[in-house]
2 protein chains.
Amino acid sequence: MATEPRGSEGRFAYEGLDRVIHERARLSVLTSLVSNPKGLIFNDLKQLCSLTDGNLSRHLSVLEAENMVEITKGVEHNRPQTFCRITREGRERFLEYLSTLEQVVKDAARVSKDEHGAGLTRGLLPSKA
Amino acid sequence: MATEPRGSEGRFAYEGLDRVIHERARLSVLTSLVSNPKGLIFNDLKQLCSLTDGNLSRHLSVLEAENMVEITKGVEHNRPQTFCRITREGRERFLEYLSTLEQVVKDAARVSKDEHGAGLTRGLLPSKA
DNA sequence: GGGATCTACTTTGCAATGTAAAGTGAAAAA
DNA sequence: TTTTTCACTTTACATTGCAAAGTAGATCCC
């Protein structure tokens, strides 16, 4: 019976959850950018992440200040156009973050195998009827 | 040219990332509690999550207010003891959150495979299908 | 030409909130 | 009885996510 196994201090602390990344909007942005390594223009990113202009602008600034994205301002069809691309550092930090996320998912999933299964695991696997 | 495929609005919005859960400390707490469905006492939780007293206290209040955890105050060995257990609602919300997390991981993983081959920074992928 | 409008962002202001530090109350030790 | 320890709670503040307002230039309309 595992009331509190020793040596498990910080077992669920997840320090890899980088605060810069662990934020819905920025997680969206980064996933978009990692999925589009050639980069995206402001408006497409806005749509993909369902963000408002102001919101995206601010988060991009944060990510730029952290050297996680590279922002290029240009002009297309006589209109300003902001181009965003993830940097190498950004991708690296993001991937590290991701591996922690995977750990969270794994940790949580493990419960379905818990010893005293019945009442507890019910609903764990969303196989709703 | 189809820079961005239509019909992908909000593709990376991840609205399932419940704000109450999507917070490092609370994610830790909930994962701990979901992994220990019989419940945990304040101090063990504190250790597992590497949180300070005040921090844990506040986050537990938030989770309790949301009916995600059930808090029982008792006395053990002549000392107060706070016992925490995840509720059914808490587990359900957590699992929904988790499935979104898995989606994030999947979305991102799809690319980290592509990126395997060559240099990282330059755009080397043709637009994803 | 000039005012209105549209596009593409930026900036501002504020309410929410995560966190450290200080506080509380009761038991145990000295 | 005074001090210390334990087990939390409360407070205060600095941060920050977000929406609304603002800015700058191009285009339309007359």
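These numbers come from the heavy atoms of this one structure, side chains and all, not from hydrogens, waters or symmetry mates. Fair warning: this is a prediction, and the values are worked out from it, not measured in the lab.
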Tell me: [atom1] of [X] to [atom2] of [N], nearest whole Å?
X: Glu76(B); N: dC6(D); atom1: CD; atom2: P; value: 17 Å
X: His77(B); N: dC8(D); atom1: NE2; atom2: P; value: 14 Å
X: Leu56(A); N: dC18(D); atom1: CG; atom2: C1'; value: 13 Å
X: Arg19(A); N: dA14(D); atom1: CZ; atom2: P; value: 16 Å
X: His22(A); N: dT16(D); atom1: NE2; atom2: P; value: 14 Å
X: Leu60(B); N: dA7(D); atom1: CG; atom2: C1'; value: 13 Å
X: Ile41(B); N: dC8(D); atom1: CD1; atom2: P; value: 8 Å
X: Glu66(A); N: dT15(D); atom1: CD; atom2: P; value: 14 Å

Any idea which heavy atoms bring Cys84(A) and Leu33(A) closest together, and the distance? O-CD2, 3.7 Å
Lys106(A) and Glu102(A) ion-paired at < 4.0 Å: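 No, no charged N to carboxylate O under 4.0 Å.
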Salt bridge Arg19(A)-Glu23(A), side-chain N to carboxylate O under 4.0 Å: no
Any side-chain N or O of Arg24(A) less than 4.0 Å from the OP1 or OP2 oxygen of dC18(D)?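 No.
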Verify the contact: side-chain N or O of His59(A) to OP1 or OP2 of dC18(D), cut-off strictly under 4.0 Å; return yes or no. yes
Considering every strand and a 4.0 Å limit on heavy-atom distances, what is the contact class for Ser57(B): base, sugar-phosphate, or nothing?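 The answer is base, as Ser57(B) lies within the cut-off (heavy atoms under 4.0 Å) of a base atom.
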If only atom types and distance count, is the side chain of Arg26(B) paired as donor or acceptor with the main-chain N or O of Leu63(B) below 3.5 Å?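 Between the backbone of Leu63(B) and the side chain of Arg26(B) there is no qualifying donor-acceptor contact (under 3.5 Å).
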So, the side chain of Thr87(B) versus the backbone of Asn67(B): is there a donor-acceptor pair under 3.5 Å, distance only?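 Answer holds: yes.
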Arg79(A) has a side chain; which of dC18(D), dC6(D), dG25(D) sits nearest to it?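 Nucleotide nearest to Arg79(A)'s side chain: dG25(D).
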Nearest of dA7(D), dA19(D), dC18(D) to any side-chain atom of Pro80(B)?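 Nearest to the side-chain atoms of Pro80(B), counting from C-beta on, is dA7(D).
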Answer yes if the side chains of Gln103(B) and Asp107(B) hold a donor-acceptor pair under 3.5 Å, and no otherwise. yes
Every protein N/O lying under 3.5 Å from an N/O of nucleotides 20-24 of chain D:
none

Check whether any side-chain heavy atom of Leu45(B) lies under 4.5 Å from a side-chain heavy atom of Leu60(B), and answer yes or no. yes
Quick check on side-chain contact (heavy atoms from CB on, under 4.5 Å): which of Val29(B), Leu30(B), Thr31(B) does Ile86(B) satisfy it with? Leu30(B)
Extract, from 5' to 3' on DNA chain C, the first and final nucleotides lying under 4.0 angstrom from some heavy atom of chain B.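 Footprint of chain B along DNA chain C, 5' to 3': dG18(C) to dA28(C).
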Any idea how Phe12(B) and Tyr14(B) line up, ring-wise: parallel (<30°), tilted (30 to 60°), or perpendicular (>60°)? perpendicular
